[in-house]
Structure formats: C-alpha cells, structure tokens
There are 2 protein chains.
Amino acid sequence: MREATSREIKEIARRHLVAHGAAGVSLRAIAREMGMTAPGLYRYFASLHDLLDSLRADLFTELTDAVAAAQAALPEDDTDGRVLAALRAVRAWALGNRAEFTLLFGPAVTDTGPEEDSPAAVAGQRFAAAFVSLFDRLLAEGRFAPPPAEPEASAELRAQLDAFAACTGFTGDHASDAATRFMLRSWVRFYGLVCMEVFRHLGFVADDLGALFEAELRDLVTGLGVVYRAP
Amino acid sequence: MREATSREIKEIARRHLVAHGAAGVSLRAIAREMGMTAPGLYRYFASLHDLLDSLRADLFTELTDAVAAAQAALPEDDTDGRVLAALRAVRAWALGNRAEFTLLFGPAVTDTGPEEDSPAAVAGQRFAAAFVSLFDRLLAEGRFAPPPAEPEASAELRAQLDAFAACTGFTGDHASDAATRFMLRSWVRFYGLVCMEVFRHLGFVADDLGALFEAELRDLVTGLGVVYRAP
DNA sequence: TAAGCTTAGTTAACGCTGGTAACCACCGGT
DNA sequence: ACCGGTGGTTACCAGCGTTAACTAAGCTTA
C-alpha cells in the first residue's frame, strides 16, 4: 500500500530525471502525474532532496545488481571473465542510463559533501564492495604485485589510504597500503573513462566509443593481472 | 559602458555559482544585487542559458591563461617542465574553482548535446589546443612511440579518431591514428583523475589528494616520454 | 456504540524562479 | 522640434519547494 505509492513516486521521478535532468524533477509535476497535489507527497518523503536521495539508493542497488547479474552468467572460478564482465556491466548501465549515472557519479549537488548515513551512501558503499571483493580476489590469486609505495610517501597519504580502505571494507588479509593505493588508482582511471563518455565530452567523436573503451579496458585489466578477452 | 555592465553581471553570476552551484544562479538574484530588475538583464543576455554559456567561455579562457602562465615561468626548451606545469595548473585551477570546473567539465546540462558554435565551445577548443600543441611537441621530439593500433581496429574507430583530430586541431606532421588514439587516452585518464577529486567522490579519503595525484601524474607522463620531476 | 487518534490527502498561502509584453525616459542625430 | 534606439521599468504568466491549517476517512479503545 504505502510502499507501492512510494515506489510509484520514485518511478515517475526517474522518468522526469531521464527526460529533463536532475534539475527537472519537481514534486508538483510528479503529483500532477499521479492525480495528487504536491503537499501530499510530503507524507512519503520529507523533501525533494530526500526523494532524490532515496532514488539514488535505488539506482545504486540496481547498478550493483546489474554487475552481479553480468558475473552470474560466468563460471565461479573464471576470475578474468568476472572482472571484465563487471567493468563492462558498469559501462553498459551507465550508457543505457545516462541521467541516472550522472545522478550517482556526477558532481555532488550539495556543497555540504556527501552525507555519511544517507540511504544512498550505504547503497553506494555496497556497490563499491562488489569491486573491492573482486580486487581482493585478484590479490588472493596473486595475479599481480601492487607497485611498492615510493619512499617519500608521506604519513598523510598513508592515513588517507587507511581511511579509504576502512570505508570501502578493504580490510582482508591481502590489504596493504600499496594494494589500497593501486586499487584506488585503478578505480579512478576506470571512473574517468566512463565519465568522459557519459558526460558527452567526447561527443564530437561519436556516440559509441566502444572501441576506445575496450582498448583502455585491456590496458587497465592487464595491469591487474587479468588476461584480456574480447567481449 | 555596456561591456562593463556585462562583465559585472557575469562577475556576480560567478559568485552565485560558487556559492550555490550552477542551479543557484538566478537572473533575479543577480539583478537584485545590482539594484536592477530581472527583465533589465535581458538587454545584455538573451536568456539565463546564454549568460551561463558566456560565463563558461570566460572560464575556459581563464583556465587556458592559467595553463599558459604556469608554463611561462619555465625556459622555452624545458619540455618536461612545461608538460608537468600545464597538467598541474589544470588541477590547481580545478581545485581552487570547483564550481567553475564543474560548469566546464561536468555533465552537460542540456540534453541537446554541446552546441557547435557557442562561445563556450570555441573557448573550449582553444583550451584543448594548448594541450594538443604540447602533445605534438612531445611527438616532434620523439619522446615516445605511440602504441600501434591493434589489427582489429575497425574503420569506425579510425573515423572517430579522425573526427577528434580535426576538432582539436591535431593535424600536424606527426599526427597519426596511433598518435591521436594515445593522446585521447592520456587526456581521458587525466580528466578522470581531476574529476574524481573535484566531484568529491573521494571525499571520505581527504580534502587534499595531492600525493595520489602526483603518483598518477608520474605514471601518466612517464608513458608520454616525459621525465617526472617533483613539484 | 461513541470518543479519540492516526493517516492520507486537501486548499491556501509565502516567496522564489525564468520569461514576455507593454511602457517610459533619456540621449544623439537630423 | 522630432524621431529612433538604448536601457531600463512595472505588470503579469506559469511554475517551483515548502509550510500551516484543515478535512475525511479508518482504526482503536473505553
């Protein structure tokens, strides 16, 4: 009952998101489409910001599920295939859901930084955990040796890496400063690759940058000890 | 006279941009601050979108100037230093002007894609040209050999690379498909690095990710035949 | 069965937004 | 003395998030 209405609201909100961007999601328009008035929506969400945050949480789990589904088709022990499938699943979801990806990974709309305990934040951490576990698996299999930290690595950097590891749950037996650092580097690189394509900053090139993506992916996973395989 | 008013409008708009984000720039608030009424601003800009586009153009040239200024302090023949200084200048400007960087390099606010002939677009191309010329210089000096294209490189990819080269003005004697591809890959990687930091998706780590940036920068420029040098 | 509380929704209102139309006052040129 | 353009104004439209006050059900409990 109540849950169904809540879902319908988010469903309509998502349609407006893809149609007009994040700024085009309005309570009044949603209410109008539902045959309601805007204040009625406040029975379900404390504010527009809360609605969007809840929507973000849903989208994070949808993306996480897509990543899991892509891996489910492969045998359990096919680590190479799972890594490639997971990364490709992220790109595919991002391209198929540009507005949603922007909401999740675009610039933080609030200047207060991301809230620690919001539903979207915890869903985002579960998404991150999926890739952390894959990275941990590569480490466990001894696929590669993370480049040792330079001697001039400051204590400040070390503290930052510890915070990152703690936040993403990268605290297994194979965790180390060097490993954390390499995981972060790999993720940053992949993030930029997808962002560039989704944000259309390469729009003058073409709509489908699949070939470039695959070339970068090959380079990226090779550094992680994964043998590349064409899609 | 008229030019001065136009500049004042954009100046105030920029203040509102950094204070409340791109969505917080409103004609009425600007007019109020100027002791005017909102419709008066339409004598200077056809719409809010036009104002933001003009502001984008200004910011692109400001960033381009910052990159040039960083290089100006170095001797003319110090290619390594110039490359490092230029890339560091982009990061420094981005961190010092987060909201402005987001406006330039964040997700495209319009769903119609970037307009071809808007003032911001041409200013953006001049910004790109600064790095294209640096890349061309590295090629001219034979600093590195761009990795040869895989045999399975499709004709589609080739066409995309040609479009990219034409759009960025990368048409010198040293231009080739392999070179264009490597330039694009390098830029995408750098873009992701800066975006991740500016968009605060690593906010849980720390505010200053300088050490991580330098580590990535070292890896990146080394691949371009530039000998790394600490800042 | 009647009283009372909770829930889901309403209307009315405040103050804000971008944008348009009509109008006005000034200032330079003929 | 008149005329046109420039730089503004007021009045208005439609839309926005949010709050306050209220109403109509439905369920609980004495």
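In what follows, every chain begins at residue 1, and chains take the letters A, B, ... in the order their sequences are listed.
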Query raised in the report: Which value, rounded to the nearest 0.5 Å, describes the distance between B/M36 atom CE and B/I9 atom CD1?
Result: 6.0 Å
Requested in this report: Remember a base hit wins even if backbone is also touched, and classify B/A29 as base, sugar-phosphate or nothing at under 4.0 Å, heavy atoms.
Outcome: sugar-phosphate
Query - Nearest-Å distance for atom pair CG/C1', residues B/L48 and C/dC16 - result: 14 Å
Report task. Give the rounded distance in Å between these two atoms: CZ of A/R43 and P of D/dA21. Result -> 14 Å
Query raised in the report: Between A/R2 and C/dA8, is there a side-chain N or O to OP1/OP2 distance below 4.0 Å?
Result: yes
Requested in this report: Rounded off to whole Å, could you give me the CZ-to-C1' distance for the A/F45 and D/dT18 pair?
Outcome: 16 Å
Query raised in the report: Relative to the 5' end of DNA chain D, which residue comes earlier, A/R28 or B/T5, by the nucleotide with the nearest heavy atom?
Result: B/T5
Query raised in the report: A/S26 side chain N/O closer than 4.0 Å to the phosphate oxygens (OP1, OP2) of D/dC16?
Result: yes
Requested in this report: For B/E62 and B/W93, run side chain to side chain donor-acceptor pair (under 3.5 Å): C-alpha distance rounded to whole Å, both residues' side-chain angles, the deciding distance at 0.1 Å, then the answer.
Outcome: CA-CA 9 Å; B/E62 177 180 315; B/W93 190 89; 3.0 Å; yes
Query raised in the report: Given C/dG19, is OP1 or OP2 found less than 4.0 Å from the side-chain N or O atoms of B/Y42?
Result: yes
Query raised in the report: Within this structure, what is the CE-to-P distance between A/M34 and C/dA8, rounded to whole angstrom?
Result: 12 Å
Query raised in the report: Can you find a heavy atom in the side chain of A/V122 that is under 4.5 Å from one in the side chain of A/F60?
Result: no
Query raised in the report: So does A/R32 get a side-chain nitrogen or oxygen closer than 4.0 Å to the phosphate oxygens (OP1/OP2) of D/dC16?
Result: yes
Report summary line: Between CE of B/M36 and C1' of C/dA25 the distance, given in whole Å, is 15 Å
Requested in this report: Determine the minimum heavy-atom distance between B/T37 and B/A31, stating which atoms define it.
Outcome: C-CB, 3.5 Å
Query raised in the report: Once you round it to whole Å, what is the distance between P of D/dG17 and CG of A/L52?
Result: 10 Å
